[in-house]
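A short write-up of the structure that comes next.
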Amino acid sequence: MGIFSFAKDIGDKIFNRDDEKHDAKVETKADANIQAKDSEPSAQSVASLLLRRIQQQHLSINNLKVKYNGSTDTAEISGTAKTQADREKAIIAIGNVQNVAKVIDNIDIEEDAPESTMYTVKSGDSLSKIAQNVYGSSADYTKIFEANKPMLSDPDKIYPGQVLRIPKP
């Protein structure tokens, strides 16, 4: 359990948000003669999208709940995961989404295991380069790739700012 930070301006864009509405420096005006746009998703609809994103990972988490606060760009997840890996995959699944800056983790775990390291990808990184630094062999990139499936569909498709699970050596 804990709080995990993510880069909110990068990641998968699973919902559209008008960031100007969230910029305190920008004055917004409404005109009663113009039909209001319904383009901004509610916190509830964002929470539902984030929940669906976790469910698409086919993780074993009972009583999974997701909350989202749009003013702080914070997602909160709770439930009971079968494994530490399921817990960590849920965290990175919603953390690697645009407009999610923090994930508050309240997931309990049935089978205790060591936590993976969370690694933020830097410009010029590749899974083999990360594996060389962590495990001493670039060939061990498959360990990192497998640990981040199905979020990663290709070992060559990572981007700076993305957070990955790095299993203990």
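Values reported hereafter were calculated over all heavy atoms of this structure, with side chains retained and with hydrogens, waters and symmetry mates removed.
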Sequence neighbours excluded - salt bridge (Lys or Arg N to Asp or Glu O under 4.0 Å) pairs with any residue from residues 125-136: none
Give, for atom [atom1] of [X] and atom [atom2] of [Y], the distance between the pair rounded to the nearest 0.5 Å.
X: I107; Y: I77; atom1: CD1; atom2: CD1; answer: 3.5 Å
X: E115; Y: I166; atom1: CD; atom2: CD1; answer: 14.0 Å
X: I130; Y: T117; atom1: CD1; atom2: OG1; answer: 12.0 Å
X: I158; Y: S126; atom1: CD1; atom2: OG; answer: 6.0 Å

Donor on one side chain, acceptor on other, S48 and S45, under 3.5 Å: no
Sequence-distant partners of [X], side-chain hydrogen bond (donor to acceptor under 3.5 Å, both in side chains), two or more places apart:
X: S116; answer: E88, R165
X: K122; answer: Y119
X: T120; answer: none
X: N148; answer: none

Nearest heavy atoms of N69 and S71, plus distance in Å: OD1-OG, 2.6 Å
For the student: nearest non-hydrogen atoms of L50 and I94, plus distance: O-CG2, 3.5 Å
Do the side chains of [Y] and [X] get nearer than 4.5 Å, heavy atoms only?
X: V46; Y: V66; result: no
X: L51; Y: Y68; result: no
X: D105; Y: I3; result: no

Residues in side chain to side chain contact (heavy atoms under 4.5 Å, CB included) contact with [X], at least two apart in sequence or another chain:
X: A113; answer: Q84
X: S153; answer: none
X: K157; answer: D154

ILVMFWY cluster, M118 and F145 together (side-chain gap under 4.5 Å): yes
Hydrophobic cluster identity match, I109 and I91, side-chain contacts under 4.5 Å: no
What donor-acceptor contacts under 3.5 angstrom involve side-chain atoms of residues 133-143, with partners at least two apart or in another chain?
unit_1	atom_1	unit_2	atom_2	d
Y135	OH	P167	O	2.7
S137	OG	A139	N	3.3

Which donor-acceptor pairs under 3.5 Å do side chains of residues 56-65 form with protein atoms, sequence neighbours excluded?
unit_1	atom_1	unit_2	atom_2	d
Q57	OE1	M151	N	3.3
Q57	NE2	R53	O	3.4

Ion pair K102/D73, N-O distance below 4.0 Å: no
Evaluation steps, side-chain contact (heavy atoms from CB on, under 4.5 Å), between T74 and I104: CA-CA 7 Å; T74 301; I104 299 172; 3.6 Å; yes
Side chain N96, main chain V163, donor-acceptor under 3.5 Å: yes
Contacts of E146 that satisfy salt bridge (Lys or Arg N to Asp or Glu O under 4.0 Å) - sequence neighbours left out: K149
From CA spacing to verdict: side-chain contact (heavy atoms from CB on, under 4.5 Å), V103, E76: CA-CA 6 Å; V103 175; E76 183 175 346; over 6 Å; no
